[in-house]
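Below is one structure, written out as structure tokens, with a few remarks after it.
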Amino acid sequence: KRCVAIVLSAGQGKRMGTSIQKQYIELCGKPIICYCLEAFEKSEIIDDVIMVAGAGQEDYVTEEIVNKYHFGKVRAVIPGGKERYDSVWNGLKAIRDGMAGEEAKEGYVYIHDGARPFVDEQIIKRGYACVKANRACVAGVPSKDTVKIVDENQFAVNTPVRKYVWIVQTPQVFETELITQAYKSLMEHDRENVTDDAMVVEQEMQIPVKLYEGSYCNIKITTPEDLDTAKGFIEHIKS
Ligand code: CTP
Ligand code: MG
């Protein structure tokens, strides 16, 4: 089946605090967003890419990223929205409207944070095997740290058993028809605290979402210290 990657690049990067959005910061010679686009470009699994850029930044992304670095699988650069789920919904509608071709509508979709440079072919392949078997799955890793749920005053109220705590990453991979239905349903009512795509399937479709193995290197660049960690990973890969 056809596999489309929706690459999210419409966030503001408030926690990074730089004037330039974090996904366009240069890391060892190229913008952060290029790393995941390269992984999808080289992948045996991914056929098409839909890029979701900030509204008004479509031309910038087309010229400075897609054309400059020759990402031939990119079928469209479309505007995102206010929240991450708005951007995802725009990406799913682009597939529904045929921007990745007719076959893509009945295939699989990889929803990926443009701020995660270290997705690789192994992760992409594990996602493919998992989505074929389970319809809905997300990359993740077991939490190394104990997690505590706190109240408004930061007092611990609950400690989930660590072996059942996983840190969720992207790609989040779904049957395209399933996730589109889930988002359509989500967008018809009030939304609060929707931070990942798996939640949407869990809440709207009552379908179990399987976790598949991502990697401890598959970090999301979120705050300034993540840039140093990322540099370290790149040097490590090069050597
Ligand atoms: N994203 C998006 N559209 C939004 C919000 C986020 O496409 N309205 C994308 C970001 O560009 C990023 C990914 O979703 O690649 C994960 O989001 P996050 O790490 O929260 O990025 P930002 O929202 O940009 O950062 P912050 O929350 O610190 O402002
Ligand atoms: Mg955000």
Side-chain angles (χ1 to χ4, degrees), residues 4-27 30-41 46 49-62 64-66 69 71 74-95 99-100 109-120 123-124 127 138-141 167-174 179-180 183 186-187 191-201 214-215 217-230 233:
V4 182
I6 294 176
V7 173
L8 298 172
S9 188
Q12 294 297 313
K14 296 216 175 80
R15 287 170 287 179
M16 182 61 72
T18 45
S19 54
I20 169 175
Q21 287 157 279
K22 61 187 183 181
Q23 58 272 31
Y24 305 123
I25 294 173
E26 283 219 6
L27 195 67
K30 61 192 173 216
I32 285 172
I33 189 78
C34 288
Y35 288 83
C36 71
L37 289 168
E38 264 172 30
F40 293 132
E41 192 71 28
I46 302 297
V49 174
I50 302 283
M51 286 259 344
V52 186
Q57 297 185 314
E58 300 94 312
D59 290 347
Y60 168 80
V61 169
T62 304
E64 295 302 318
I65 306 292
V66 180
Y69 293 91
F71 292 122
V74 176
R75 307 291 169 236
V77 180
I78 61 160
K82 187 167 175 288
E83 303 295 336
R84 184 184 182 282
Y85 57 75
D86 296 309
S87 297
V88 173
W89 180 225
N90 287 358
L92 292 171
K93 282 189 291 186
I95 298 173
M99 287 189 187
V109 62
Y110 284 62
I111 301 173
H112 187 68
D113 295 331
R116 283 186 200 275
F118 304 119
V119 58
D120 62 23
I123 298 175
I124 293 169
V138 305
V141 285
I167 306 299
V168 166
Q169 309 175 334
T170 70
Q172 307 209 354
V173 195
F174 308 94
I179 190 73
T180 305
Y183 264 89
L186 174 81
M187 299 312 274
R191 295 164 293 278
E192 225 183 318
N193 302 324
V194 178
T195 53
D196 85 326
D197 311 301
M199 284 174 69
V200 181
V201 171
S215 103
C217 292
N218 185 25
I219 61 167
K220 181 160 64 66
I221 308 287
T222 306
T223 55
E225 56 268 29
D226 296 328
L227 294 171
D228 293 323
T229 308
F233 288 154

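Computation of the quantities below employed the complete heavy-atom set of this structure, encompassing side-chain atoms and omitting hydrogens, waters and symmetry-equivalent molecules. Just so you know, ligand 1 is whichever comes first in the structure, and atom 1 is the first atom listed for that ligand.
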field: Whether Q21 side chain and G11 backbone form a donor-acceptor pair below 3.5 Å
entry: yes
message: Taking the ring of F233 and the ring of F118, is the distance between their centroids below 6.0 Å?
response: yes
Q169 side-chain N/O to A139 backbone N/O, donor-acceptor pair under 3.5 Å: no
query: Would you say I6 and V109 make side-chain contact, with heavy atoms under 4.5 Å?
result: yes
message: Taking the six-membered ring for Trp, are F174 and Y110 closer than 6.0 Å centroid to centroid?
response: no
query: What residues come within 4.0 Å of ligand 1, counting heavy atoms only?
result: L8, S9, A10, G11, Q12, G13, K14, R15, K22, Q23, G81, K82, E83, R84, S87, D113, G114, A115, K220
query: Distance under 6.0 Å and angle within 45° of the ring axis: does K30 meet both against Y69?
result: no
